[in-house]
Number of protein chains: 2
Amino acid sequence: MASRSDTPTPEGPRARATRLRRETILDAALELFGEVGFRAASLREIAARAEISHPGVIYHFATKEELLLAVLERRDADVSERFHLESSDGVTVLRNFVALADVNAHNRLVVELYVTVSAEATDPSHPAHDYFVDRYTRVVTSARTALADLQGRGLLVDPDLDLDLAARELVAVIDGLQLQWLLHPGQVRLADGVRAHLRRIATIDV
Amino acid sequence: MASRSDTPTPEGPRARATRLRRETILDAALELFGEVGFRAASLREIAARAEISHPGVIYHFATKEELLLAVLERRDADVSERFHLESSDGVTVLRNFVALADVNAHNRLVVELYVTVSAEATDPSHPAHDYFVDRYTRVVTSARTALADLQGRGLLVDPDLDLDLAARELVAVIDGLQLQWLLHPGQVRLADGVRAHLRRIATIDV
DNA sequence: CCTACCGATCGGTAGG
DNA sequence: CCTACCGATCGGTAGG
């Protein structure tokens with residue numbers, strides 16, 4: 001059985017060194033996957049950035065594919081820890097969408113990773129294809145549930161709003177603005193764009 | 001001087017064969033660039049799909065980079081021939097955005113190409129980086145000009161709409177929905193999403 | 001976690 | 001527009 005998170009097993013110096021090394025590799029991989037995508041990224045370049053040999057990377061992550069999934073899962077864990085996109089209060093969820101856009105606007109590497117790899121993963125043979133199909137199902141469902149909550153509370157500008165369409169539009173605005181933000185840095189206001197979109201749909205403060 | 005387009009120089013059988021061969025190569029390249037991106041696409045695989053040797057591809061397009069730009073330019077020429085995104089009538093321009101989304105919804109290969117390569121090209125070292133930076137400047141400007149026209153004619157829901165933000169949002173909705181459409185085919189209504197977005201902004205029929 | 005290595009594949013060139 | 005070839009680079013393995 002795993003140790004409780006409030007009384008973790010003490011981490012020895014060896015385990016700590018391994019964990020830090022893995023973090024360094026994940027940092028380098030996130031960076032390169034974002035720059036050139038998964039397929040064009042080489043383990044040797046990731047290894048060089050992590051200051052390790054390329055079989056050293058494979059010692060920690062058995063395959064390049066496993067490394068990509070580890071990068072994505074680490075990021076997911078980080079986001080679900082800091083944001084609550086599963087709350088039952090729709091207003092909270094929508095505010096968290098804006099807050100997440102705001103955080104992303106200060107983390108170009110993460111935005112590059114998601115924009116580049118999600119696009120690459122539209123191909124069914126891509127190793128992260130299933131991951132992104134599931135991810136978008138979850139995110140769109142979360143947006144739809146939030147909007148339905150607002151609809152029930154009379155907080156929508158148009159009470160007959162097409163919730164499926166609107167949920168996908170909200171997610172689309174976030175993704176599309178991120179792409180433009182990468183192409184035209186300094187000219188795109190990520191969080192403002194999402195906020196403006198939400199204000200047009202709901203009579204809430206975001 | 002080039003021959004007038006209404007009285008073209010007669011095309012000999014040799015020139016015709018060359019043109020058709022180039023079209024075949026461009027078709028194969030569009031397909032593979034869309035599937036795996038520019039960097040991961042190989043000239044050998046493109047050549048195989050065009051049923052030619054890979055030096056044969058290079059005979060027609062000197063480098064892989066030149067081939068990518070030729071694919072994008074052919075597509076641009078096709079779109080600017082069939083749609084008028086530079087009209088001075090804002091309503092026409094916005095209707096053409098919807099019509100273009102509708103056409104794209106029947107051409108998965110083209111959507112894959114733009115979603116995948118535009119994301120990949122956010123990297124400044126990508127051969128199509130400048131192309132996409134310019135392209136988005138043009139498209140966003142076109143949307144902004146159209147919205148400004150509507151504003152002047154009192155056709156906006158919110159007369160104080162932030163035009164820069166709204167123009168980028170419109171383009172973002174189109175791009176974001178295309179990504180979702182590739183990930184969740186059959187569940188995303190591309191043209192409907194763009195139409196719904198426009199109806200929320202302007203009091204026009206689209 | 002390193003060095004040395006494997007077979008496969010890459011973009012592009014030479015020569016015809 | 002083909003065949004044959006070049007040097008470079010790839011993901012992953014063997015052995016320590």
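Each chain gets a letter, A, B and so on, in the order its sequence line appears, and its residues count up from 1.
- Judged by distance alone, the side chain of Thr24(B) and the main-chain N or O of Leu20(B) form a donor-acceptor pair under 3.5 Å.
- For the pair Arg108(A) and Glu31(A), the salt-bridge criterion is not met [side-chain N within less than 4.0 Å of a carboxylate O].
- Between the side chains of Ser125(B) and Asp123(B), at least one donor N or O sits under 3.5 Å from an acceptor N or O.
- With the 3.5 Å cutoff on both pairing distances, Watson-Crick and G-U pairs in DNA chain C assemble into runs of at least 3 at C:1-16 with D:1-16.
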Protein-nucleotides 12-15 of chain D N/O pairs closer than 3.5 Å?
unit_1, atom_1, unit_2, atom_2, d
dG12(D), OP2, Lys64(A), N, 3.0
dG12(D), N7, His54(A), NE2, 2.8
dG12(D), O6, His54(A), NE2, 3.0

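- A parallel orientation is assigned to the rings of His197(A) and His197(B), their planes being inclined by less than 30° (bins at 30° and 60°).
- The separation between Arg21(B) atom CZ and dC2(D) atom C1' is 11 Å, rounded to whole Å.
- When heavy atoms are screened at a 4.0 angstrom cut-off, Ala47(B) is found touching no nucleic acid atom at all.
- Panel note: side chain Ser142(A), backbone Arg138(A); no donor-acceptor pair is recorded below 3.5 Å.
- Under the 4.0 Å criterion applied to side-chain N and carboxylate O atoms, Asp164(B) and Arg168(B) are not assigned as salt-bridge partners.
- Following rounding to the nearest Å, Arg39(A) (CZ) and dT9(C) (C1') show an atom-to-atom distance of 15 Å.
- Looking at heavy-atom distances under 4.0 Å, Ala40(B) makes no contact with the nucleic acid at all.
- Whole-Å rounding puts the Ile52(B) CD1 to dG11(C) P distance at 15 Å.
- One interatomic measurement links the two molecules: CZ of Phe61(A) to P of dC1(C), which rounds to 11 Å at whole-angstrom precision.
- With salt bridges taken as basic N to acidic carboxylate O contacts below 4.0 Å, one links Glu169(B) and Arg200(A).
- Checking dC1(D), dG11(D), dC10(C) against the side-chain heavy atoms of Ser42(B) singles out dC10(C) as nearest.
- Rounded to a whole Å, the CG atom of Leu67(A) is 15 Å from the C1' atom of dC10(D).
- If you check every strand for non-hydrogen atoms under 4.0 Å, Ser53(A) touches a base.
- Ion pairing between Glu23(B) and Arg74(B) holds under the 4.0 Å rule for side-chain N and carboxylate O.
- Classification of Arg189(A) and Asp162(B) as a salt-bridged pair holds, one side-chain N sitting under 4.0 Å from a carboxylate O.
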